[in-house]
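Only a predicted model underlies this, so the values are computations on that prediction, with no experimental measurement involved.
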Amino acid sequence: MIFPAADLLTDRSVPFLFTTGYDRSAIPSRFAKFMRCEKPIAPDTLSNAVRVLIPSGQSVEATYA
């Protein structure tokens with residue numbers, strides 16, 4: 001499971017989202033505030049979700065600083 005990595009990203013304030021074939025109940029409640037995209041994911045859906053995570057004009061490096 002990916003949850004230990006999600007915990008590290010949360011601790012470091014790194015934006016992320018879940019892509020999963022499981023329903024919402026498979027994700028621990030501590031991650032309820034994070035976006036979740038269900039598989040199969042249309043490319044435009046994933047692209048729009050990433051745009052929400054990384055605001056326009058902000059570099060990826062600045063996001064992770």
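Taking every heavy atom of both residues into account, Lys39 and Thr19 meet most closely at CE-O, 3.7 Å. Here the closest heavy-atom approach between residue Ile27 and residue Phe31 is recorded as CG2-CB, 3.7 Å. Closest of all the heavy-atom pairs between Leu17 and Val50 is CD2-N, 4.4 Å.
Counting heavy atoms of neighbouring residues, nucleotides and ligands inside a 6.0 Å radius, atom CG of Leu46 exceeds 12 of them. Open room surrounds OH on Tyr22; 12 or fewer heavy atoms of other groups in view lie less than 6.0 Å from it.
Going from atom OG1 of Thr20 over to atom CE of Met1 covers 8.0 Å, rounded to the nearest 0.5 Å. One distance of note links CD1 of Ile41 with CZ of Arg36; it measures 10.0 Å at 0.5 Å rounding.
Ile2 and Leu8 fall into different hydrophobic clusters, where Ile, Leu, Val, Met, Phe, Trp and Tyr residues are linked whenever their side-chain heavy atoms come under 4.5 Å apart, directly or through other members.
A distance-only check finds a donor-acceptor pair linking the side chain of Thr10 to the backbone of Ala6 [under 3.5 Å].
Contact annotation: the side chain of Cys37 never approaches that of Phe18 to less than 4.5 Å [non-hydrogen atoms, C-beta and beyond].
Residues satisfying the salt bridge (charged side-chain N to carboxylate O under 4.0 Å, His left out) criterion with Arg30, sequence neighbours excluded, are Asp7.
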